[in-house]
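Structure, as structure tokens:
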Amino acid sequence: MNELKLSKRLQTVAEYIPKGAVMADIGSDHAYLPCYAVLNHKASGAIAGEITDGPLLSAKRQVEKSGLSTHISVRQGDGLEVIKKGEADAVTIAGMGGSLIAHILEAGKDKLTGKERLILQPNIHAVHIREWLYKEGYALIDEVILEEDGKCYEVLVAEAGDRDAAYADISVAAGMLVGPFLAREKNAVFLKKWTQELQHTQNIYEQISQAASTEQNKQKLTELADRMELLKEVIDHG
Ligand code: SAM
């Protein structure tokens, strides 16, 4: 991967950048995504935010090497603190866990006008992001699930709008967990991921069933049974 040829994962994120947008890529690391987006005339400019020294240096070097110093501003800071309110039309946060992405959004929400498109790519636990988006009144407008090098990734795209629209034909609990767009499309990667998760949940259920029958274990079994039912519903129907 480099600034000219992105991974399938980052390429998918790039496809959702609105043409001509100023983008803020938070946790940019090597800055391949903003460099690619500007070089391919998707973004008109970018802010590459990084909290850590090594990746920050790597982003600075990449931007200079690509001759994009006038278009991409590399800034050090925690999450959205690197942007001014209204400065970006699109925010990308990719390659982290869903809880960290949700935390970055929550901690920096005063930097968002609500007009930005959010393009979020969690490696795991996308549910935390969907919950945050719902709480903050964002509408999910699209989702992608893909596999690359044996790993499964999700991309969530959100904008200000009707937060309930995406969940019209799925329960909010199931939709938050697996993704309403992904549940509708139900592609092979989706089915593989949630079939494995169902199997894993079943295994834990069986282990706890054989353990002591404490109140805590009974409660855990109820939670696991609910989760299995929900996953079976998503995998088998609709
Ligand atoms: N976005 C790139 C990608 O998808 O390939 C890099 C992902 S890398 C695994 C995660 C990067 O996020 C690291 O470089 C890390 O330093 C940075 N990071 C983690 N927490 C951050 C935060 N709160 N604010 C800014 N950057 C952060």
Side-chain angles (χ1 to χ4, degrees), residues 1-18 21-40 42-43 45-66 68 71-85 87-112 116-126 128-129 131-133 136 142-158 179 189:
M1 176 167 70
N2 56 39
E3 76 283 14
L4 303 173
K5 175 101 183 78
L6 295 178
S7 59
K8 190 165 139 191
R9 172 181 69 81
L10 284 181
Q11 176 67 45
T12 306
V13 172
E15 275 159 24
Y16 285 97
I17 298 166
V22 172
M23 66 178 285
D25 185 39
I26 305 301
S28 197
D29 195 352
H30 33 63
Y32 289 154
L33 178 60
C35 287
Y36 173 91
V38 173
L39 287 171
N40 287 279
K42 280 179 175 286
I47 297 117
E50 245 309 326
I51 196 166
T52 315
D53 292 343
L56 181 83
L57 187 62
S58 158
K60 282 186 175 160
R61 285 196 178 131
Q62 183 59 55
V63 169
E64 274 170 34
K65 185 178 146 222
S66 302
L68 293 175
H71 289 79
I72 303 178
S73 167
V74 181
R75 302 177 190 169
Q76 186 161 25
D78 186 353
L80 297 175
E81 75 175 21
V82 298
I83 57 168
K84 290 194 214 96
K85 193 167 185 169
E87 194 179 13
D89 311 302
V91 175
T92 55
I93 314 180
M96 304 174 207
S99 351
L100 178 54
I101 295 178
H103 169 77
I104 288 174
L105 291 167
E106 177 64 24
K109 66 182 176 185
D110 59 325
K111 290 296 181 74
L112 299 171
E116 300 86 357
R117 173 176 285 191
L118 305 180
I119 312 163
L120 310 165
Q121 186 276 296
N123 297 342
I124 51 166
H125 301 150
H128 299 303
I129 300 178
E131 284 169 354
W132 185 87
L133 293 169
E136 293 299 319
D142 207 359
E143 296 174 306
V144 179
I145 189 165
L146 62 110
E147 192 172 351
E148 186 168 46
D149 300 331
K151 289 189 193 131
C152 174
Y153 302 106
E154 290 176 39
V155 178
L156 279 53
V157 189
V189 183

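Counting convention: from 1, in listed order, for ligands and their atoms alike. Throughout, residue positions are numbered sequentially from 1 according to the sequence presented. Heavy-atom basis, side chains included; hydrogens, waters and symmetry copies ignored.
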Inset, instruction - Heavy-atom contacts with P55 under 4.0 Å: which atoms of ligand 1 show up? List them by number with element. - result: 14 (O)
Inset, instruction - Give the numbers and elements of all ligand 1 atoms closer than 4.0 Å to a heavy atom of G79. - result: 22 (C), 23 (N), 24 (N), 25 (C)
Inset, instruction - Within a distance under 4.0 Å of any heavy atom of L10, pick out the atoms of ligand 1 and give their elements. - result: 4 (O), 5 (O)
Legend entry - Interatomic spacing from CD1 in I101 to CD1 in I129 - rounded to 0.5 Å: 4.0 Å
Inset, instruction - Kindly confirm or rule out an N or O of G27 lying under 3.5 angstrom from an N or O of ligand 1. - result: yes
Inset, instruction - Could you list which atoms of ligand 1 come closer than 4.0 Å to a heavy atom of E50? - result: 11 (C), 12 (O), 13 (C), 14 (O), 15 (C), 16 (O), 17 (C)
Inset, instruction - Work out whether the distance between some heavy atom of H103 and some atom of ligand 1 is less than 4.0 Å. - result: no
Inset, instruction - Consider every N or O of S28 and every N or O of ligand 1, then say whether any pair is closer than 3.5 Å. - result: no
Inset, instruction - Please report which non-hydrogen protein atom sits nearest to atom 9 (C) of ligand 1, along with the residue it belongs to and the distance in Å to one decimal place. - result: G95 O, 3.3 Å
Legend entry - Side-chain donor-acceptor pair present, Y32, N2, cut-off under 3.5 Å: no
Inset, instruction - Decide if atom NE2 of H30 counts as having more than 12 heavy atoms of other residues, nucleotides or ligands within a radius under 6.0 Å. - result: yes
Inset, instruction - Search all heavy atoms of V63 against all heavy atoms of A31 and return the closest pair with its distance. - result: CG2-CB, 4.2 Å
Inset, instruction - Look at atom 10 (C) of ligand 1 and say which protein heavy atom is nearest, naming residue and atom and giving the distance to 0.1 Å. - result: M96 CG, 4.1 Å
Inset, instruction - Test Y36 against every option in V13, I17, L6, L10 by the side-chain contact (heavy atoms from CB on, under 4.5 Å) rule and name the one that passes. - result: L6
Legend entry - From V91, T92, V157, residue fulfilling side-chain contact (heavy atoms from CB on, under 4.5 Å) relative to R117: V157
Legend entry - A94 N/O under 3.5 Å from ligand 1 N/O: yes
Legend entry - Polar contact flag for G49 and ligand 1 (N/O pairs, less than 3.5 Å): no
Inset, instruction - Please verify whether a non-hydrogen atom of G77 lies at under 4.0 Å from ligand 1. - result: yes
Inset, instruction - Give a yes or no on whether a salt bridge exists between K111 and E81, defined as a side-chain N under 4.0 angstrom from a carboxylate O. - result: no
Inset, instruction - Of all the heavy-atom pairs spanning E116 and L112, show the shortest one and how long it is. - result: OE2-CA, 3.5 Å
Inset, instruction - Give the atoms of ligand 1, by number and element, whose distance to some non-hydrogen atom of I104 is under 4.0 Å. - result: 22 (C), 23 (N)
Inset, instruction - Show which atoms of ligand 1 fall inside a sub-4.0 Å distance from at least one heavy-atom site of D78. - result: 22 (C), 23 (N), 24 (N)
Inset, instruction - Please list, chain by chain and in numerical order, all residues satisfying side-chain contact (heavy atoms from CB on, under 4.5 Å) with V189, sequence neighbours excluded. - result: I145, E147, C152, N187
Legend entry - Candidate with minimal heavy-atom separation from atom 18 (N) of ligand 1, of I51, L33, T92, D29: I51
Legend entry - 4.5 Å side-chain heavy-atom contact, E50 and D29: yes
Inset, instruction - Consider only side-chain N and O atoms of N123 and E154, and report whether a donor and an acceptor are under 3.5 Å apart. - result: no
Legend entry - Heavy-atom nearest neighbour of atom 5 (O) of ligand 1 within options R9, E81, M1: R9
Inset, instruction - Check ligand 1 against T52 and write out every atom of the ligand that is under 4.0 Å from a heavy-atom position of the residue. - result: 16 (O)
